[in-house]
Amino acid sequence: YLNKVALPDFEGKCSTEIIPLRSKANIDRVYLAYFLRSPDVVRQISERTAGARMPRADMDHLFSLIIPLPSLPEQQRLVDILSRAEGIVRLRREAHKKAQELIPALFLDMFGDPATNPKGWPRLQLEDVCEISYGIADKLDTSITAEKGLRILTISNVLLEGAIDQTVFRFCKATHDQVKKCSVQRGDLLFNWRNGSETHIGKTAIWENDKSVLHVSFLLRLRPISERLNSDFLWAMLNLLRANEFFIGASRQQIHRKFNASELSVLKLPIPPNELQNKFSSLVEQTRSIQSQQSIALEKAEATFQSLLHRAFAGQL
């Protein structure tokens with residue numbers, strides 16, 4: 001199966017060999033693994049993936065892939081470069097993960113586990129310290145654009161880690177009454193009360209800008225009474241409960257898991273003094289700055305690694 005083709009090699013000479021994947025030629029296994037992860041190959045395999053429920057690659061296409069095959073020392077040189085770059089990505093991911101763990105750890109240190117309330121804070125029903133309301137239940141029309149409607153936040157906008165995905169844009173037409181009832185303002189929380197995935201029940205995000213948006217009915221809008229409840233405190237507590245599977249255990253399942261407004265309204269939660277909540281909020285703001293820096297660093301490291309992967313198999317390294 002070995003075919004010699006006059007293509008520029010990694011040193012600029014026309015002597016590089018290319019081989020189908022079936023070949024048993026002298027190839028470094030890590031070099032082969034990196035080749036299969038390179039952006040162009042991943043794209044080709046993805047384009048030929050079949051099966052909705054159980055996606056699978058087109059194996060005939062996979063085995064016919066042509067691999068640039070420089071000398072073994074050259075393969076090992078490229079592996080060394082890529083493994084170093086991937087090592088940096090790994091370290092960035094670890095740092096990012098630790099940064100994400102800071103706020104839950106800070107919450108537990110200041111307030112204790114909200115499920116067991118070891119510090120004995122007064123327990124209040126959430127409806128006593130927070131306004132809770134449903135959003136727009138109308139089916140969304142995907143043809144509506146920003147010029148024709150208002151932006152509406154869906155469950156896809158609320159990420160599992162408790163952030164808002166600002167890359168997802170959906171729009172809808174709404175009546176005056178709907179806009180008045182379902183508008184989201186700075187400091188409001190969006191609680192996913194119904195979802196096909198049980199692990200997503202209870203995921204909660206804060207809307208932190210002044211742009212006018214609406215929200216769908218599967219997201220409950222929580223508007224804390226500022227004199228009694230801090231948005232950051234409630235956000236951290238609800239996401240900690242979700243992470244500890246509180247809502248999975250307490251939710252009902254018909255077709256989808258649900259923990260609706262009635263159940264959330266009467267949920268008794270430990271509410272410490274507002275001054276302590278505000279102190280926590282200040283620390284959260286500082287921690288988010290660290291998390292943002294780590295996220296940017298991780299994105300840059302991953303982008304650099306992907307660029308090196310592409311260049312390695314395009315004869316550019």
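Everything numeric here is computed off the predicted structure, so don't read it as measured data.
- Atom CD of residue E263 and atom CG of residue L220 lie 10.0 Å apart, to the nearest 0.5 angstrom.
- No side-chain donor from either of Q166 and N157 sits under 3.5 Å from a side-chain acceptor of the other.
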Item to complete: For L222 and C130, run side-chain contact (heavy atoms from CB on, under 4.5 Å): C-alpha distance rounded to whole Å, both residues' side-chain angles, the deciding distance at 0.1 Å, then the answer.
Response: CA-CA 6 Å; L222 312 183; C130 184; 3.6 Å; yes
Item to complete: Start with the C-alpha gap between V179 and T175, add the side-chain angles, then the distance that decides, and say whether side-chain contact (heavy atoms from CB on, under 4.5 Å) holds.
Response: CA-CA 6 Å; V179 171; T175 66; over 6 Å; no
Item to complete: Report the C-alpha distance between W193 and Y134 in whole Å, list the side-chain angles of each, state the deciding distance to 0.1 Å, and finish with yes or no for ring-ring contact (aromatic ring centres under 6.0 Å, His included).
Response: CA-CA 10 Å; W193 68 273; Y134 286 101; 5.5 Å; yes
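- Looking only at side-chain heavy atoms (C-beta outward), I164 and L190 come within less than 4.5 Å of each other.
- The shortest distance between side-chain heavy atoms of D138 and K173 does not fall below 4.5 Å.
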Worksheet entry | Trace of the ring-ring contact (aromatic ring centres under 6.0 Å, His included) decision for F111 with F280 | CA-CA 10 Å; F111 308 112; F280 172 75; 5.4 Å; yes
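- N230 contributes a side-chain N or O that, together with a main-chain N or O of D232, makes up a donor-acceptor pair within less than 3.5 Å.
- Note that the NZ atom of K180 and the CG atom of L214 stand 14.5 Å from one another [nearest 0.5 Å].
- Between L241 and P114, the closest heavy-atom pair is CD2-CG, 3.8 Å.
- Residues L267 and E127 form no side-chain contact, since every pair of their non-hydrogen atoms from C-beta on lies 4.5 Å or further apart.
- Interatomic distance, L150 CG to I136 CD1, rounded to the nearest 0.5 Å: 8.0 Å.
- K119 places a side-chain N or O within donor-acceptor distance of the main-chain N or O of M110, the cut-off being under 3.5 Å.
- Side-chain atoms of F218 and N195, non-hydrogen and from C-beta on, never get closer than 4.5 Å to each other.
- No side-chain donor-acceptor contact under 3.5 Å links R194 to the backbone of K258.
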Practice prompt. Could you please spell out the steps behind the side-chain hydrogen bond (donor to acceptor under 3.5 Å, both in side chains) verdict for D165 and T167?
Written response: CA-CA 6 Å; D165 185 347; T167 67; 2.5 Å; yes
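- P224 places a side-chain heavy atom less than 4.5 Å from the side chain of L234.
- Inter-residue side-chain proximity for T154 and L219 is flagged as unmet; no heavy-atom pair is nearer than 4.5 Å.
- Once rounded to the nearest 0.5 Å, the distance linking CZ of F171 with CZ of R151 reads 6.5 Å.
- Here side chain to side chain donor-acceptor pair (under 3.5 Å) pairs that include residues 199-217, with residues two or more places apart or in two chains, are R186-D210, S197-T199, H200-K203, W207-N209, E208-R288.
- Under the 4.5 Å side-chain criterion, counting only non-hydrogen atoms from C-beta, L308 is in contact with L317.
- For D80 and R84, the salt-bridge test passes: some basic side-chain N is under 4.0 Å from an acidic carboxylate O.
- Residues V129 and V266 fall into different hydrophobic clusters, defined by Ile, Leu, Val, Met, Phe, Trp and Tyr side chains chained together at heavy-atom separations under 4.5 Å.
- Pairing each heavy atom of L229 with each of F233, the nearest pair is CD1-CD2, 3.7 Å.
- When all heavy atoms of G202 and N239 are compared, the closest pair comes out as O-OD1, 4.3 Å.
- No donor-acceptor distance shorter than 3.5 angstrom exists from the side chain of S281 to the backbone of Q277, with no hydrogens or angles considered.
- Relative to the six-membered ring of F191, R221 misses at least one condition, a distance below 6.0 Å or an angle of at most 45° to the axis.
- Of the possible polar contacts, one joining the Q75 side chain to the P70 backbone as a donor-acceptor pair under 3.5 Å is found.
- With hydrogens and angles ignored, the 3.5 Å screen pairs a side-chain donor or acceptor of Q291 with a backbone N or O of A99.
- Few gaps surround NZ on K181; more than 12 heavy atoms of other groups in view lie less than 6.0 Å from it.
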Discussion item. Please determine whether salt bridge (Lys or Arg N to Asp or Glu O under 4.0 Å) holds for the pair R92 and E299, giving the CA-CA distance in whole Å, both sets of side-chain angles, and the decisive distance to 0.1 Å.
Written reply: CA-CA 9 Å; R92 288 298 186 191; E299 288 176 5; over 6 Å; no
Discussion item. Determine whether E94 and R90 satisfy the following criterion, salt bridge (Lys or Arg N to Asp or Glu O under 4.0 Å), listing intermediate values before the conclusion.
Written reply: CA-CA 6 Å; E94 291 173 359; R90 191 178 300 112; 5.8 Å; no
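- Nearest heavy atom pair, residue N117 against residue P270, reads OD1-CB, 3.4 Å.
- Ionic pairing of K98 and E101 is not present here: no N-O contact between side-chain nitrogen and carboxylate oxygen is shorter than 4.0 angstrom.
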Worksheet entry | Test salt bridge (Lys or Arg N to Asp or Glu O under 4.0 Å) applied to R242 and E161, step by step | CA-CA 10 Å; R242 184 210 59 77; E161 61 266 27; over 6 Å; no
Practice prompt. Please step through side-chain hydrogen bond (donor to acceptor under 3.5 Å, both in side chains) for the pair H96 and S295, ending with a clear verdict.
Written response: CA-CA 6 Å; H96 181 264; S295 294; 3.2 Å; yes
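- Using a 4.5 Å heavy-atom cutoff, the side chains of P122 and I271 are not in contact.
- In this structure, CG in D188 is found 7.5 Å from OG in S231, a value given to the nearest 0.5 Å.
- Side-chain polar atoms of N278 and N274 form a donor-acceptor pair below 3.5 angstrom.
- Interatomic distance, S83 OG to F305 CZ, rounded to the nearest 0.5 Å: 9.0 Å.
- Counted within 6.0 Å of CZ on R29, heavy atoms from surrounding residues, nucleotides or ligands total 12 or fewer; the atom is thus considered open.
- A continuous path of Ile, Leu, Val, Met, Phe, Trp and Tyr side chains, each step under 4.5 Å between heavy atoms, connects L269 with L276, placing both in one hydrophobic cluster.
- Pairing each heavy atom of L238 with each of F247, the nearest pair is O-CE1, 3.5 Å.
- By the criterion of side-chain heavy atoms lying less than 4.5 angstrom apart, applied directly or through intervening Ile, Leu, Val, Met, Phe, Trp or Tyr residues, I144 is not grouped with L153; the two fall into different hydrophobic clusters.
- In this model, no donor atom of one side chain and acceptor atom of the other lie less than 3.5 Å apart for D40 and S38.
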Practice prompt. Just do the side-chain contact (heavy atoms from CB on, under 4.5 Å) check on E302 and L298 with the steps written out, would you?
Written response: CA-CA 6 Å; E302 289 177 334; L298 176 58; 3.7 Å; yes
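- Residue V42 is not grouped with residue Y31 when hydrophobic side chains (ILVMFWY) are merged at heavy-atom distances under 4.5 angstrom, including chains of intermediate members.
- Minimum interatomic distance between F313 and L82 (heavy atoms only, all atoms of both residues): CE1-CD1, 4.4 Å.
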Worksheet entry | Criterion side-chain contact (heavy atoms from CB on, under 4.5 Å) on I27 and I67, from CA distance to verdict | CA-CA 10 Å; I27 184 169; I67 307 171; 4.2 Å; yes
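- At a threshold of 4.5 Å between side-chain heavy atoms, the hydrophobic network of Ile, Leu, Val, Met, Phe, Trp and Tyr places W121 and W235 in one connected group.
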